[in-house]
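Take a look at the structure below.
In what follows, residues are counted from 1 in the order of the sequence shown. Reckoned from all heavy atoms, side chains included, excluding hydrogens, waters and symmetry mates.
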Amino acid sequence: MKAVNIAYKPVGLVLGLAGGMLAGAAFRRTWKLLGHDDDAPDATDEDRAWREILLAAALQGAVFAVVKATVDRAGATATRRLTGTWPG
């Protein structure tokens, strides 16, 4: 394993945690902008309809995937600029 890959592991972990927090905030904001309640429904929320629960789950998954890809790509790009080597 290359030294860059080993050194990138903790950086990737921190970026992943920060990305998760950013994605959670982005999802909550998006959910509010769509005109729904302040809190997205949980799958076991008895008072919410199937449609609303599945919409929230799909939206949350999409937001998390886009944020994760953005953070991962930005981290890899920054690593290449700093070290000249692409991690992974």
Nearest non-hydrogen partners of [X] and [Y], listed with the distance:
X     : Y     : value
Tyr8  : Gly75 : OH-C, 3.6 Å
Phe64 : Gly20 : CE2-O, 3.8 Å
Val71 : Gly19 : CG2-CA, 4.0 Å
Ala23 : Val63 : O-CG1, 3.6 Å
Ala40 : Ala56 : CB-CB, 4.4 Å

Are Leu59 and Val67 linked, directly or through other ILVMFWY residues, by side chains that come within less than 4.5 angstrom of each other? yes
Not counting sequence neighbours, list each pair that qualifies as a side chain to side chain donor-acceptor pair (under 3.5 Å) and has a residue in residues 71-88. Lys68-Asp72
Look up atom NZ in Lys32 and atom CG in Asp39, then write down how far apart they are to the nearest 0.5 Å. 8.0 Å
Drop me the distance from Asp47's CG to Asp42's CG, to the nearest 0.5 angstrom. 11.5 Å
Crowded around Asp45 CG? As in, over 12 foreign heavy atoms under 6.0 Å? yes
For Leu54, side-chain contact (heavy atoms from CB on, under 4.5 Å) partners two or more places apart: Trp50
When you compare the side chain of Leu22 with that of Thr70, does any pair of heavy atoms fall below 4.5 Å? no
